[in-house]
Amino acid sequence: LKINSETDLESMRDEAISTGKAIELGNSVTGFGGSETKVNYEPNILDKTHNTVDGKIEFTIKVNEEGLKLSDDGVLVLTDDMTNLSVRYQDVTVSVAGDKTVETTDGDGNPVTAPYFNMKGNRLTFYLPDEAAVTIKYRATPRGEVGSDGKIHYSNTAKLLGFEKTDSG
């Protein structure tokens, strides 16, 4: 299924971004037995993956891979809530396409230059420039009680503009 109208595609992107949900597209064909196809369109706003290396979990979060305009003030705020994970500041990296930056304030009203992040309790908060692809990487150590299966169970949820990605183990 191909969308031929750039205006229609932009409209669908805007709707998907504003609702934080995929948009269902449909196409019906008559004749030759008929056919109907439905696909979901979801812009690449938030993706999260992980690998395990030497007992640590390496997370990668990709934000706004298409470099779309997502906010009116030029700043995106991503939160990443963790359970049973420990992260050190020096294990966090943020890469922005074109090394784009933007002046903003953090949650306490302090002036900062995004990309910027802070950690309070079990939450990482990232302030990111809009209209640029961003890759966040960090390494976490599982912490907590070992379950009956011999593993420490964790969860980790990144949220941005209504989009949410959870990783657990």
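Computed from a prediction, not measured in an experiment: that's the story for all the values here. Note that these values count all heavy atoms, side chains included, but never hydrogens, waters or copies made by symmetry.
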Practice task
Hey, can you tell me if Tyr154 and His50 have their rings parallel, tilted or perpendicular (30° and 60° cut-offs)?
Solution key: perpendicular
Taking atom [atom1] of [X] and atom [atom2] of [Y], what is their separation to the nearest 0.5 Å?
X: Thr105; Y: Tyr116; atom1: OG1; atom2: OH; result: 11.0 Å
X: Phe117; Y: Thr125; atom1: CZ; atom2: OG1; result: 11.0 Å
X: Thr135; Y: Ile61; atom1: OG1; atom2: CD1; result: 10.0 Å
X: Leu46; Y: Lys159; atom1: CG; atom2: NZ; result: 11.5 Å
X: Ile45; Y: Lys165; atom1: CD1; atom2: NZ; result: 10.5 Å
X: Lys69; Y: Leu76; atom1: NZ; atom2: CG; result: 10.0 Å

Handout entry: Audit row: Val63, Leu78, side chain to side chain contact (heavy atoms under 4.5 Å, CB included) steps and yes/no
Key = CA-CA 9 Å; Val63 179; Leu78 180 142; 3.7 Å; yes
Are [X] and [Y] packed together at the side-chain level, in the sense that at least one heavy-atom pair is separated by less than 4.5 angstrom?
X: Val94; Y: Leu128; answer: yes
X: Pro129; Y: Val96; answer: yes
X: Val87; Y: Met82; answer: yes
X: Thr79; Y: Phe126; answer: no
X: Asp81; Y: Asn122; answer: no
X: Lys151; Y: Val146; answer: no
X: Tyr89; Y: Met119; answer: yes

Practice task
Considering only NZ, NE, NH1 and NH2 on the basic side and carboxylate oxygens on the acidic side, decide whether Lys48 and Asp80 come within less than 4.0 Å.
Solution key: yes
Evaluate whether atom [atom1] of [X] has more than 12 neighbouring non-hydrogen atoms of other residues, nucleotides or ligands under 6.0 angstrom away.
X: Asp99; atom1: CG; answer: no
X: Asp72; atom1: CG; answer: no
X: Gln90; atom1: CD; answer: yes

Heavy-atom pair of closest approach, residues [X] and [Y]:
X: Thr104; Y: Tyr127; value: CG2-CB, 4.4 Å
X: Leu85; Y: Ala140; value: CD2-CB, 4.0 Å
X: Asn84; Y: Gly144; value: OD1-CA, 4.2 Å
X: Ala132; Y: Lys100; value: CB-CD, 4.0 Å
X: Pro142; Y: Ile152; value: O-CD1, 3.9 Å
X: Lys56; Y: Thr141; value: NZ-OG1, 3.0 Å

Exercise for the section: Under the side chain to side chain contact (heavy atoms under 4.5 Å, CB included) rule, what do Ile57 and Arg139 come out as? Steps first, then yes or no, please. Expected result: CA-CA 6 Å; Ile57 305 166; Arg139 186 185 320 195; over 6 Å; no
Practice task
Mind running side chain to side chain contact (heavy atoms under 4.5 Å, CB included) on Tyr138 and Thr60 for me, showing each step along the way?
Solution key: CA-CA 7 Å; Tyr138 63 89; Thr60 300; over 6 Å; no
Exercise for the section: State which residue, out of Leu160, Asp130, Val134, Asn44, fulfils the side-chain contact (heavy atoms from CB on, under 4.5 Å) condition with Asn64. Expected result: Asp130
Problem - Test item: Ser71 side-chain N/O and Gly74 main-chain N/O as donor-acceptor pair under 3.5 Å - result: yes
Handout entry: Worked check of side chain to side chain contact (heavy atoms under 4.5 Å, CB included) between Asp108 and Lys120
Key = CA-CA 12 Å; Asp108 295 325; Lys120 291 183 181 180; 2.7 Å; yes
Problem - In one Ile/Leu/Val/Met/Phe/Trp/Tyr side-chain cluster, 4.5 Å: Ile136, Leu161 - result: yes
Exercise for the section: For Thr157 and Thr166, test the side chains for any donor-to-acceptor distance below 3.5 angstrom and give the result as yes or no. Expected result: yes
Handout entry: Val53: hydrophobic cluster co-members (side-chain, 4.5 Å)
Key = none
